Protein chains: 2
Amino acid sequence: MRAEKESAILQAAEAVFADYGYKGATTGMIAELAGIPKANLHYYFPTKEALYRRVVEHIFNIWLDAANSFDESDDPVEALSAYISKKMDISRDHPMGSKVWANEILHRAPVIQDYLETTLRDWTASRIAVINRWIAEGRIAPVDPQYLLYMIWATTQHYADFNHQIDTLNGGEPLSDAQFDRAKQTVIGIILAGIGASPAIARKEAAE
Amino acid sequence: MRAEKESAILQAAEAVFADYGYKGATTGMIAELAGIPKANLHYYFPTKEALYRRVVEHIFNIWLDAANSFDESDDPVEALSAYISKKMDISRDHPMGSKVWANEILHRAPVIQDYLETTLRDWTASRIAVINRWIAEGRIAPVDPQYLLYMIWATTQHYADFNHQIDTLNGGEPLSDAQFDRAKQTVIGIILAGIGASPAIARKEAAE
DNA sequence: AATGATCTTGACCGTTTGGTCAAGGCTTCC
DNA sequence: GGAAGCCTTGACCAAACGGTCAAGATCATT
């Protein structure tokens, strides 16, 4: 089947692009990982750039999927918890995709600039409106929504993009499921308390 | 002077590596930006990799400088405010350095793995101990220090690494000084409130 | 079984890139 | 003024890379 073969190539491409960047990745490496000769890869994807575009589009769709979880509820605690949780899950399950995206932004988005200016901009503007309404309704503290969103993006994606650093600081081992869950709860806890959406976590009694 | 020439080359190299990644950057581009022929560049830095190492080392030293600001005070509010503020300033003043660093981690740190395993690991462990003491003393809420640090790193560096995305969402314009200051205050405010180090920001009265 | 369409592949090509080299300046010190 | 060391540079090279191509293999349809 054509679709399956393409899918296998795309999967290999995502891994190689994530590890080596657009320029650093070679069609030969991708072909080898996909288990086919380079010439065959070029039969399915005429150019390296076309292949890369497909990889980036796939990643953007995953991002869109997560974005929807923002709207699961109109309650700030539920909505933000769901959104952060979903973004953390993506970082754990699709770290390579996140890395390709990060690479693309880092290099000034030569391929996906149009997505940034349309879909991402629209989504962001509408969610800023939602957050501003929550503030007006006194449901969260008056924080600048824009920078709150950046904080959520940065923090959640960090667990994918910088997973090598995290692993190194974890003794060279990836975070266990329990550790990752603790990270997720920490992130959600700090952000929700930070915007006054849920009561602050109680401090301990001073030790002495 | 040798030192000045090397410095000019390193500056050009940092810019080009930040924009194009290690592989994407060419010694020809770096030489052109530095205003010298490529052969001359190779007189000062025999290989591309040697040049890259020097760039990365420079960036790591800037990071170390910021790391020190963590110890300006033993008060959590002051220490974390100073540290976050300093990291935000670096993101604004040296975005290219941060990008080179991000690229390096993204690609599994082929060049600076030893720094991660020594200096960074030691620094992190000792600061985790400090934060744990604050928790034991009841000065901040019991959050996992490790994930708090990651959150600070991710959020502050985001303003350098993803500045292209931020600019795009800001109508294609870089954040103004006022906007950037607001971002910084938002980040500090959310994190400090999030860990119960300072009283939560008061919510507005509900509008109706 | 024949025919045409689709897929597979080793060999090949032009371009780009990191790096070399030899010839020529420039500066310094006797 | 000349010798020695340092710096500069255009021309060049080998390797790697994206992409092509033509010849063959496989498959579907009748």
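Computed over heavy atoms, backbone and side chain alike; hydrogens, waters and symmetry mates excluded. Computed from a predicted structure; not experimentally measured. In what follows, chains are A, B, ... by sequence order, proteins preceding strands, each numbered from 1.
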Check: Phe70(B) and Trp63(B): ring pair (Phe, Tyr, Trp, His ring centres under 6.0 Å), yes or no, with the steps?
Finding: CA-CA 12 Å; Phe70(B) 192 98; Trp63(B) 179 87; over 10 Å; no
Next item on the list: Assess whether side-chain hydrogen bond (donor to acceptor under 3.5 Å, both in side chains) is satisfied between Tyr147(A) and Gln185(B), documenting all intermediate values.
Entry: CA-CA 10 Å; Tyr147(A) 308 126; Gln185(B) 294 312 322; over 6 Å; no
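Each of Lys38(A) and Tyr22(B) was matched to the nucleotide of DNA chain C holding its nearest heavy atom; the match closer to the 5' end belongs to Lys38(A). Residue-to-nucleotide proximity on DNA chain D shows that, of Arg2(B) and Glu49(A), the 5′-proximal contact is made by Arg2(B).
Between Trp153(B) and Phe162(A), the ring center distance fails the sub-6.0 Å criterion.
Side-chain polar atoms of Ser98(B) and Asp161(B) form a donor-acceptor pair below 3.5 angstrom. Looking only at atom types and distance, the side chain of Asn68(A) has no donor-acceptor partner in the side chain of Lys86(A) under 3.5 Å away.
Which of dC21(C), dG10(C), dT8(C) sits closest to the side chain of Asn40(A) comes down to dT8(C). Checked against dT20(C), dT8(C), dG19(D), the side chain of His42(B) finds its nearest nucleotide in dT20(C).
In this structure, the OH atom of Tyr20(A) is 13 Å from the P atom of dG18(D), given to the nearest Å. Look at CZ on Phe17(B): it is 13 Å from P on dT17(C), rounded to the nearest Å. Taking atom CD1 of residue Ile9(A) and atom C1' of nucleotide dT9(C), one finds them 14 Å apart after rounding to whole Å. Atom CG of Leu41(B) is separated from atom P of dG10(D) by 14 Å (rounded to the nearest Å).
Look at Tyr44(A) and you'll find a side-chain N or O under 4.0 angstrom from OP1 or OP2 of dT8(C). Contact annotation: Thr26(B) side-chain N/O to dT17(C) OP1/OP2 distance is not under 4.0 Å. The side chain of Tyr43(B) places no N or O atom within less than 4.0 Å of a non-bridging phosphate oxygen (OP1 or OP2) of dT8(D).
Nucleic acid contact class of Ala25(A) (heavy atoms, under 4.0 Å, all strands): sugar-phosphate only. Lys5(B) comes within contact range of the sugar-phosphate backbone alone, with a heavy-atom separation under 4.0 Å but no base atom that close.
The base of dG19(C) does not come close enough to the side chain of Lys48(B) for any donor and acceptor atom to sit less than 3.5 Å apart.
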